[in-house]
Amino acid sequence: MNTPYGELLVALRPELCLVVGALVALAVDLPKSSRSPTQRLQISSTIGAIAIIAALVCGLDAGLPGQLFSGVFNLDMLAQASRAGVLGLALLTLGITAGTSRLRHPAEFVAIILFATAGFTLMAVAQQLLLAFLALELASLSLYVLAGFDKTRPESAEAALKYFLFGGVSAAFMLFGFSLIYGITGSIELPEIAHRLAMTDTSPLLMVALVMVLVAFGFKAAAAPFHLWAPDVYEGAPAPASALIASASKLAGFTLFLRLLWPGLGAVSGNLTGTAGWLPVVALIAVASMLLSNLAALAQSNVRRLLAYSAIAHAGALLLGVIAAGTSGPSPVFYYAATYGLATVGAFGVIAVIERTGPCHSLSDLAGLRTRSPLLTGCLFVFILSLAGIPPLAGFVGKFVVFSAALKLGGLAGWMALLAIFLSAIALYYYLLILKQALVVPAAAPTSAPLRVPPVAAFALLITAGLIVLLGLWPSLLLGLF
Amino acid sequence: MYFPASHLWIIPALPLVAAAIGALVPRSGRALASGAAIASMVAAFFVSCLALHTALADPAAHAAHNFAWFDVGSGAMRLGWLLDPLTAFMCVMVTFVSSLIFIFSLGYMKEDANFKQFFCFLSLFAAAMLGLLVANSLLLLFICWELVGLASYLLIGFWFHKPSAAAAAKKAFITTRIGDLGFLIGLLWLYDSTGSLLFFDGGHGVLEAATLTALTGKTLVCCGLTVSTAIGLLIFCGAVGKSGQFPLHVWLPDAMEGPTPVSALIHAATMVAAGVFLIARVYPLMSADQVLANVPLHALTVVAFIGAITALLGACIAVAQNDIKRILAFSTVSQLGYMMLALGVGSWTAAIFHLLTHAFFKALLFLGAGSVIHAAHHEQDIRRLGGLGAKMKITFATFAIGMMALSGVPFLFSGFWSKEGILHAAHEWDVSHLPLYAGLAAVVLTAFYMTRLMAETFFGKSRSHESGHAHENSAVMTVPLVLLAACAILLSLLAWPSPWLQHQLDPSAHSEPGGISLMVLSIVLVAVGIGSGWAIYGRKPRATEASPDPLETAAPDIIAALAARLGFDELYAATVGRLNSGFASLADFMERWIWGGAVTLLARFGEFTGVVNRETDENTLNGGFDSVSHQIRGTGRAYSRAQTGDAHGYMRFIALGFVVLMLFVMLGGSR
């Protein structure tokens, strides 16, 4: 067989850029030097930013070649858009890191962000179970390290350990599920699997395989009941790591599973009225996520845990979009995941800036932000309202397209959309609690000093907020892609 | 040079950028904010001239550029820009007059602390108005229309620390909103029945023949009106509110509470012109029912009568006012009535011509009044002014030109020609001659009250300390006056010797020379008005501010009623206002006790379930682990033990979730 390695090299240029960038960042930092940690951070994040931008340019340059390397990769619109989205979110995360981080080994942090990003971009383009698993593991292992990177805080280590154990078990489930699928269909390539499944009847063994894959999916998406790691990790990990876990990782994960579930396993989706398949399971997970998280978030007083529960709630809404993607295409889910990613990166960015000078755990740590830094308050205002889904911000349009896609399906999906709309109203309450602290409540005496926002972080936050407004006013920029 | 319609957005975008700059600079950035506003306006003026040049190359073409805003359902919501002579003439007028008003404001507002904010609002106002002019979609027009309303609210209430200014801003906003409600309903109805809101769209726009025929073909069951008549009347509601037509004219005189440049902008270039422009823009829709003879009512008939009533009413009330700006305000009400009258009797070109000439001389009069007020230390009562003619020569001369243009002094002044066009059109109207008579009566009254204003302000002796110490203002305020005065005269050339402007606006309209007898009659009426005004007020000027008004001595009841503006405000307060407060208290009660109670109940329930959920989630699941790990850390044992505990707790849950989902699938599959 004549393997087209040249084609492979061209298709994987973005990943190559990322890996080379990571290695260069490490190498530059390797020799002992008298540079201060801040300078080292600046150098390595500049290298990282150049690598990501180069990857973006290469990715956009590649066009839409479609199936590559005998079907291992599929560079269609969804893949390319997700790749660009993931890279953009990683770049914003890097901007926040550069502005705020005070870690002792900045080059390693940047390098691992780049490795994780390489994993995400591979997840976005993979069309083969083996590559999908490898990409997922590359991303996950990098994220475990990022979560535990702050060695000065025990919470960070705890978060990393929990994340790692949970991730390990779910990876085992996924691998088990993949191997069962391979056993049933005799192939690891999605088009081939779809072809075989269309010809065979559903068997209990297949059901076991599907549920195992969905368990891993539930972990990756932080959907109930596999969400337990999320609040601990979001709370303990360094803020930029949390931002990456909540945004780029989620977008890549949803792209991968969208491709796996609909084009790959679409033949055994079943339907919501009771035929066996993966659709009812996804529906159950979606409803559980939305109900549990929105109610649990009401009683939260910790900002990061609140954002974690918000992430679980959004995962539920995204799963609803996955259900609807069979008829409406991937654009609603992609739009939702991308804009949600922007809003969370921004929210964690604001937290990161606040944490430069003081803690940002409980909601009351945000008190008086209005007088301390109008810029941060303005940005936070946009991010939180977008998360809550207030027009004209992107969060509203995301909810709108996903819910309307589900309503078009009708039946149980329609009822789920109505439930989601109802729960959005409840969610507004806890989102406004954050804004109330930031905008209304005056600062307590020891923390009322004005905050200085580092220029890089300010730039990244303003870009993020601007994108949210722009995509909200002009949703066709993303929705029109598909 | 060719200017494509797809680039029209530049015209409103320029002042919008200036508004953004004004909003973002700190309070000390006065020079930057005002400089950006004026520069953007002048630039917009040149771009508008370019657009006018392009539009006149082919006056009958409606060059439109449409684009999709967002997709909804199977279709797309489309917006667009439209370039035709109507848009282009209006843009040139708005940008030119606004530029001069902006420059004038430099001098007028220079002591104000919120100087830069003022220019930010002015730019926003102009941007909204220009956006309204270039829109090729009723929706885009409506959006800008509302922005105009917002900007007027901000500017009328600019001195919001004065309670009267805050109240006037609120009144303007709410009164126009009543009209806008009708407009909105009309807009929705139009979209519902045609599926489009674009004016021109290659044969599918709402102003194009195919759509109009479809609209006139349908009639309402209840009253026999055609759908186009009903929609036209609803859209007219918006114009009634915005252009201060009877019965929603009450906000316009109160809007005088804003700084004088704002009054000039509202009365000349931006706000009130919007209503007349709207009707002119949708004129094909308004006049679509004219071809049908057997309908109970034509939309334009209503427009004509509302216009006639407004023209007469405004002129009557203006006679009895004593505040220099209020007289001018009611004169605007009256002149807008003329424009509506012209629209109603079928000559929208005459209405637009009068709109353009009126914009120049009304801006001139308001800025002149502003100059007087600025010089006389914010004294606005004409009884306390007097004798300013000798002290402020430039202001006096330019104001006199404005006054003669407004009164319609023949031949030399633009106001005469545009008014003549309207009277002529009213004369030709075959439905009724009542509007013509109202218009002729208003001609006398206009000449009369303007003569009174001139005589009281500029002649005689100064009757107060303030006017005694007045002196001419600096060049930044007088130069705009001179330029506007020149325009007030030069614009005659648009109509004389041939009606060039009207022909450019609507090449298809046949224009025949006006009847000589009508022209002679109106000249005589103007002479009567000016003569009687001079006889009563000019020959024997008022001696002190307390000396009685000759008219008031002659007919105290009528003048008192007119001075109280015929009690419209009181009437509205007693009816609409009281009804509204009644509703408000009812809604308040419902909100507080019924809905509020239900919401509180739900919220309490939600909070309760949230607490229960958190307790189970954190204490039962996490809490177990936390306490175990605390214990372990406390005793200092190896961390591997914690790892084990952690794994158990969480992994058990994964396994449990897996089993539950498996059961679910299996049971679901067997069903």
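A note on names: the letters A, B, ... follow the listed sequences, proteins ahead of strands, and every chain is numbered from 1.
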Option that, when pairs with chain B are counted at under 4.5 Å, heavy atom only, ranks first among A/V215, A/N294, A/V281
A/V281
Under a 3.5 Å threshold, yes or no: a donor from one side chain and an acceptor from the other, between A/S310 and A/Y430?
no
Can you tell me which portion of A/I285 sits under 4.5 Å from chain B's heavy atoms? Options are side chain, backbone, both or neither.
side chain
Counting only non-hydrogen atoms closer than 4.5 Å, does A/V208 touch chain B with its backbone (N, CA, C, O), its side chain (CB onward), both, or neither?
both
List the atom of A/L470, the atom of A/L477, and the distance in Å for their closest heavy-atom pair.
CD2-CD1, 3.8 Å
Part of A/W278 lying under 4.5 Å from any heavy atom of chain B
neither
Are B/F121 and B/F125 near enough that their ring centres are under 6.0 Å apart?
no
Show your reasoning for whether ring pair (Phe, Tyr, Trp, His ring centres under 6.0 Å) applies to A/F226 and A/F219.
CA-CA 5 Å; A/F226 310 107; A/F219 156 75; 9.2 Å; no
For A/I426, which atoms come within 4.5 Å of any heavy atom of chain B: side chain, backbone, both, or neither?
neither
Pairwise distance CG(B/L150) to CZ(B/F173) - rounded to 0.5 angstrom
6.0 Å
